[in-house]
Amino acid sequence: MRSTTLALLGLLAAVSAAADERQVLLLIGPPGAGKGTQAEFITRKYGLPSVSTGELLRAEVKAGTELGKSLAPIMAKGELVSDEVVNQLVADRLAKPDAARGIILDGYPRTVPQAKYLDELLAWRGLPKVTVLHIDLPEAEIISRLTARGRADDKPEVIRDRIKVYARDTEPILAHYAGAGYHRIEGTGTPKEVFDRIERVLAPSRR
Ligand code: B4P
């Protein structure tokens, strides 16, 4: 009896240790901070799947779906797509089997209602609390990086609007995540230098 109990306790400890390995990483930062670049690095090193809401939305536009047609003018102006649309995309992505072991969310949440929705979604899916990687970058650097990239929404006047939208709608979510699990990452320097800073946060458990 005693040995069965001990075996069960051992099993439970092993299961909870495995559960601790799961991570939900949020990459938050102004446009051009390097969220997409760092998501790729993290996926390559740790095998954690990642989802970029910006990419999902651009794919809808490219496919010319009814949804995509309604999103195109909003994105071209650098405005945010509605919370309902983005929340649904993320809920669908988290329902896929590979997300059960954790995920990187790149560019989501971007509003306080999205952050609250995500809290509920993660609790409902039994996923752990988030680790926030807030990649910060000065405005001058944002403008020079995005101007060099030249995506459809990287025109100077749209970049300025995206920065304003970030300050108005996204920065307030940082207060929502203040405390444990929040990390500010200096976004200047080469992509590798930024990744080294991220690794210092993810270490020692995953290094
Ligand atoms: P996103 O695709 O998320 O666009 P973004 O915030 O501008 O970030 P992006 O991924 O392009 O830039 P990154 O920081 O990786 O969103 C686009 C639009 O979709 C939004 O404007 C909005 O309309 C809509 N949307 C998306 N999510 C939404 C949400 N949750 N709610 C509502 N609407 C939403 O930087 C990339 C550039 O910098 C690259 O060119 C890269 O090569 C370069 N770079 C990266 N690291 C560098 C480094 N260290 N040094 C130099 N260059 C670097």
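Position 1 is the first residue of the sequence, and the numbers go up from there. Whatever order the structure lists them in is the order used to number ligands and atoms, beginning at 1. Side chains are part of it too, since the values below use all heavy atoms of this structure and drop only hydrogens, waters and symmetry mates.
For ligand 1, the polar-atom distance check finds no N/O of G29 at less than 3.5 Å from any of the ligand's N/O atoms. Checked against a 3.5 angstrom limit, the closest N/O atoms of P109 and ligand 1 fall outside it. For ligand 1, the polar-atom distance check finds an N/O of P191 within less than 3.5 Å of one of the ligand's N/O atoms. Of the polar atoms of R151, at least one N or O is found under 3.5 Å from an N or O of ligand 1, judged by distance alone. Residue contacts with ligand 1: D153 is placed with no nitrogen or oxygen under 3.5 Å of a nitrogen or oxygen of the ligand (distance criterion only). The distance criterion of under 3.5 Å between nitrogen or oxygen atoms is not met by E141 with respect to ligand 1. For ligand 1, the polar-atom distance check against S52 finds no nitrogen or oxygen pair separated by under 3.5 Å. For ligand 1, one of its N or O atoms has an N or O atom of G34 under 3.5 Å away. Of the polar atoms of V194, none of the N or O atoms is found under 3.5 Å from an N or O of ligand 1, judged by distance alone. Any N or O atom pair closer than 3.5 Å counts here, and R162 shares at least one such pair with ligand 1.
Taking the six-membered ring where tryptophan is involved, the planes of Y46 and F195 are tilted, since the angle between them lies from 30° to 60°.
For the ligand labelled ligand 1, residue R58 lies inside the 4.0 Å heavy-atom shell. Residue-ligand proximity: V86 is placed with a non-hydrogen atom under 4.0 Å from ligand 1.
Annotation for ligand 1: atoms under 4.0 Å from non-hydrogen atoms of L57 are 19 (O), 24 (C), 25 (N), 26 (C), 34 (C). Set against the non-hydrogen atoms of E79, the atoms of ligand 1 under 4.0 Å away are 22 (C), 23 (O). If you number the atoms of ligand 1 from 1 as listed, the ones under 4.0 Å from a heavy atom of G107 come out as 27 (N), 28 (C), 29 (C), 30 (N).
When the side-chain hydrogen bond (donor to acceptor under 3.5 Å, both in side chains) test is applied to Q114, the partners found at least two apart in sequence or on another chain are D83.
Remark: among candidates R110, E40, E55, the nearest residue to atom 3 (O) of ligand 1 is R110, based on non-hydrogen atoms.
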Check your understanding: So Y117 and E84, side-chain hydrogen bond (donor to acceptor under 3.5 Å, both in side chains) or not? Walk me through it.
Key -> CA-CA 10 Å; Y117 178 84; E84 290 70 25; over 6 Å; no

Check your understanding: Should E141 and R145 be marked as a salt bridge (charged side-chain N to carboxylate O under 4.0 Å, His left out) after you check the CA-CA gap, both sets of side-chain angles, and the distance that decides it?
Key -> CA-CA 6 Å; E141 181 85 8; R145 278 190 196 177; 3.5 Å; yes

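Between R125 atom CZ and I103 atom CD1 the span is 10.5 Å, to the nearest 0.5 Å.
With V51 as the fixed residue, the side chain to side chain contact (heavy atoms under 4.5 Å, CB included) test singles out one of D106, I104, L56: L56.
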